[in-house]
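A short worksheet on the structure shown next.
Letters A, B, ... are given to chains in the order of the sequence lines, protein chains preceding strands, and every chain is numbered from 1.
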Number of protein chains: 4
Amino acid sequence: MVYRRTKKVDQRLESRLQAIMQAAREEFARNGFYGTSIKDIARRAGVAVGTIYLYLRNKEALFAALVNEAYEMVLERIAQARKKAVGGREKLKASMEAALEVLQEHRDLARVMLVQSPAGHPAVSEQLYDLLRRLARLVEEDVREEMERGALPPQDARLASLAFVGTFYQVVMGWLKDGYPTDLTAAGKDLIAYNLRGLGYPPEGEEEDG
Amino acid sequence: MVYRRTKKVDQRLESRLQAIMQAAREEFARNGFYGTSIKDIARRAGVAVGTIYLYLRNKEALFAALVNEAYEMVLERIAQARKKAVGGREKLKASMEAALEVLQEHRDLARVMLVQSPAGHPAVSEQLYDLLRRLARLVEEDVREEMERGALPPQDARLASLAFVGTFYQVVMGWLKDGYPTDLTAAGKDLIAYNLRGLGYPPEGEEEDG
Amino acid sequence: MVYRRTKKVDQRLESRLQAIMQAAREEFARNGFYGTSIKDIARRAGVAVGTIYLYLRNKEALFAALVNEAYEMVLERIAQARKKAVGGREKLKASMEAALEVLQEHRDLARVMLVQSPAGHPAVSEQLYDLLRRLARLVEEDVREEMERGALPPQDARLASLAFVGTFYQVVMGWLKDGYPTDLTAAGKDLIAYNLRGLGYPPEGEEEDG
Amino acid sequence: MVYRRTKKVDQRLESRLQAIMQAAREEFARNGFYGTSIKDIARRAGVAVGTIYLYLRNKEALFAALVNEAYEMVLERIAQARKKAVGGREKLKASMEAALEVLQEHRDLARVMLVQSPAGHPAVSEQLYDLLRRLARLVEEDVREEMERGALPPQDARLASLAFVGTFYQVVMGWLKDGYPTDLTAAGKDLIAYNLRGLGYPPEGEEEDG
DNA sequence: GATGAATGAGCCTTCATTCAT
DNA sequence: GATGAATGAAGGCTCATTCAT
């Protein structure tokens with residue numbers, strides 16, 4: 001027995017998987033689920049078709065892995081950001097800032113998830129919307145909390161949270177498809193302000209901190 | 001009288017086309033572009049496969065026609081509404097009310113366009129986003145106008161318009177996928193208020209109309 | 001509506017199906033289930049690959065249809081022959097004569113069933129053995145009847161029926177693979193005699209009819 | 001002493017090969033040639049895929065080795081049995097008894113050979129039939145001998161030998177597939193009697209030994 | 001010798017599109 | 001105009017075999 005799971009071998013394996021994932025990210029990002037063939041991905045990854053199946057069960061699983069990667073990344077980053085924030089208002093801000101940050105850092109992944117996943121594959125297409133749904137629920141909680149505190153006027157919290165999330169979604173799409181805004185995180189500031197006003201916070205934020 | 005395209009013939013042709021379009025709407029709405037075969041559509045339309053190709057160049061064109069139908073419908077309804085409205089604020093309100101109204105009336109079409117088109121086919125997937133882009137541009141114009149008038153504070157009008165449109169997009173998606181809000185046009189009121197506040201209109205709208 | 005299910009069209013369809021079945025018979029007979037590709041069959045049938053799928057659900061179904069064809073044919077022929085025969089002994093003779101006759105008439109089908117089906121496909125492979133089992137059961141019934149009548153000495157009827165059927169199976173295989181016997185039905189006479197003796201009928205058959 | 005192929009090394013090699021063969025026997029017996037992958041066999045043998053190729057040229061060779069193993073085993077056992085037997089009749093009995101005995105002792109091998117090999121692989125599928133052919137030839141010799149001696153009536157010896165072998169084949173199949181007869185060697189007695197009668201030996205065996 | 005990751009030819013099947021009827 | 005049988009390119013996936021470690 002000579003061939004063994006050495007560190008070097010493990011690294012090669014890991015880097016192979018990464019090459020495949022990266023190739024898939026690029027291809028799916030550009031051409032969508034149905035517009036991308038396994039052969040395309042293999043070619044780009046510099047790997048034989050069969051090799052892909054050593055790492056991923058099938059095409060759908062590969063796509064799902066990518067979408068899930070983005071999903072987890074966004075949620076985790078938001079969770080971290082929220083831990084540090086205190087109060088509904090700060091949590092709202094922190095959440096959205098964090099989300100924009102991750103997406104900005106992983107543009108291809110963002111494309112796969114936001115642009116390509118919707119009709120990607122029945123089994124996967126729900127995931128994007130599920131993410132948005134979860135984000136909306138976070139927002140909703142914060143909004144309710146603030147309503148109870150009297151910091152926000154009574155309103156349909158669920159509807160407001162949809163609106164809130166929608167502004168971010170649309171701006172990210174603009175960034176992905178039209179290149180506007182150029183800097184996603186910079187735009188985030190304005191966006192947050194827009195939504196805080198929309199929710200009914202008094203302008204200038206004077207009441208909260210005062 | 002040798003052969004004249006009579007009214008009756010024309011009507012039959014037209015109704016055939018409509019049957020095909022309707023069947024396509026339903027199938028695409030449910031199963032997406034790749035999940036729907038021409039055969040499926042033909043079967044539902046009560047027509048032979050070949051017949052579809054007498055009316056539409058190919059599958060893509062059929063899908064595009066549907067998306068375009070929604071596209072035109074929404075834009076036209078908005079244009080009409082805007083004609084009657086006076087002033088940026090009213091135009092914004094009128095635009096979005098109109099948009100929600102059409103979508104509410106044509107749920108299948110809305111599904112095709114909003115849910116299925118995004119990754120439907122490279123050539124078509126752009127159209128939804130193009131519509132959103134155009135809506136955003138309308139909003140942007142109104143916002144600029146209001147900014148110039150001093151009715152709105154200075155801001156990144158393009159970004160704001162994305163946010164504005166995003167709220168509607170997300171709420172429509174909620175309606176389509178989760179059934180919330182139940183009544184789209186009813187929710188429109190709150191949504192418009194949210195956005196007017198977000199844009200920076202003073203609360204209660206007392207200064208503008210007074 | 002012009003294209004209609006005319007007799008001519010129907011005939012073409014039927015002949016297409018027959019061409020495919022025939023091509024499949026020949027290919028499967030020669031190369032077995034796994035050694036035959038759909039492409040092979042299509043080529044031999046002078047038909048496009050996709051056409052085959054218009055007539056048969058899939059490769060397995062095509063193979064199964066062939067095996068079933070042979071199966072039914074053999075059983076039906078035997079059933080007819082048995083109707084005319086009176087008495088266990090005559091029925092035994094008639095059954096086996098009939099079986100040999102059909103096989104002789106349909107050599108390719110016999111090859112598919114006897115030679116290729118056994119490991120053809122899990123779902124189909126049982127069918128040959130099932131046929132042999134059914135034949136054995138027919139024989140067994142006759143043997144029991146004759147035992148009760150006292151025309152045959154007491155014995156393990158089930159075992160005897162296996163032996164009985166086995167002789168025919170092996171001879172058919174010899175005919176298919178070695179070309180011996182040359183004439184299957186001619187050999188049938190000797191074979192029947194062999195088995196009647198084996199079962200314990202007195203030689204010359206003098207007691208029964210006398 | 002630089003490097004010597006020690007007994008221990010040899011044993012390890014031999015046992016590896018045996019492990020592979022055994023795993024192959026079990027897998028092929030259960031799932032047939034095409035239903036068994038090299039990986040399946042490697043896994044069951046507790047060996048790496050590549051290792052198999054150190055011992056066997058390829059999958060076909062592995063299958064062939066198995067079938068051949070059965071082949072040789074049966075023939076050798078028969079040869080031994082025949083050595084001790086005197087006279088055609090005794091040789092016939094001894095041959096078949098021996099055959100049933102080996103098969104009963106090696107059920108998996110029997111399955112591979114009788115059930116799975118027929119359509120296993122073109123190159124291998126012949127082997128089973130070849131064995132049956134050789135058995136038939138042995139029988140044929142004995143029958144001719146007995147015909148010349150006058151112990152058996154004139155008949156088509158080749159055909160009779162096929163019948164003879166066929167009875168055994170079918171009974172073994174019954175044992176393998178339906179579990180009937182339960183005890184193969186016990187059933188052998190009846191089977192031999194059936195065939196001796198079939199060949200034309202007078203009942204009770206009174207003339208021969210008398 | 002032993003390992004198992006890598007390869008890629010080849011297979012079955014689907015389905016948009018065409019065209020003889 | 002209308003039909004639907006026919007086409008065949010294209011795609012996902014498997015698995016026997018190889019070879020660097």
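Residue V47(D) is the one, among K59(B) and V47(D), whose nearest nucleotide of DNA chain E lies closer to the 5' end (criterion: closest heavy atom). Nearest-nucleotide positions on DNA chain F place Y55(B) closer to the 5' end than the other of Y55(B) and G50(C). Nearest-nucleotide assignment on DNA chain F puts the 5′-proximal partner with G46(C), out of T36(A) and G46(C). Summary of the strand contacts: N58(C) and L13(A) both lie near DNA chain E, and taking for each the nucleotide with the nearest heavy atom, the more 5' one is attributed to L13(A).
When the side-chain nitrogen and oxygen atoms of R16(B) are compared with OP1 and OP2 of dA2(F), one or more of them lie within a distance under 4.0 Å.
Between the P atom of dT18(E) and the CG atom of L54(B) lies a distance of 12 Å, rounded to the nearest Å. Atom CZ of R12(C) and atom C1' of dA6(F) are 9 Å apart (whole Å). In this structure, D40(D) atom CG and dC15(F) atom P are separated by 8 Å, rounded to whole Å. Straight-line distance from the CD1 atom of I38(B) to the P atom of dT18(E): 11 Å, rounded to whole Å. In this entry the distance linking CD1 of I20(D) with P of dG1(E) reads 11 Å, nearest Å. What separates CD of Q11(C) from C1' of dA5(F) is a distance of 16 Å, to the nearest Å. The separation between K39(D) atom NZ and dA6(E) atom P is 12 Å, rounded to whole Å. Between the C1' atom of dA6(F) and the CZ atom of R43(C) lies a distance of 18 Å, rounded to the nearest Å.
Considering only the side chain of V49(B), dA5(F) comes nearest among dA5(F), dT7(F), dA6(E). Side-chain proximity of S37(B) to dA2(F), dA16(E), dG4(F): nearest is dA16(E).
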**Prompt:** What do the steps show when you test N58(B) against I38(B) for side chain to side chain contact (heavy atoms under 4.5 Å, CB included), and what is the final call?
**Reply:** CA-CA 9 Å; N58(B) 55 26; I38(B) 290 288; over 6 Å; no
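Using a cut-off of 4.0 Å between Lys/Arg side-chain N and Asp/Glu carboxylate O, R111(A) and D108(A) are scored as not salt-bridged.
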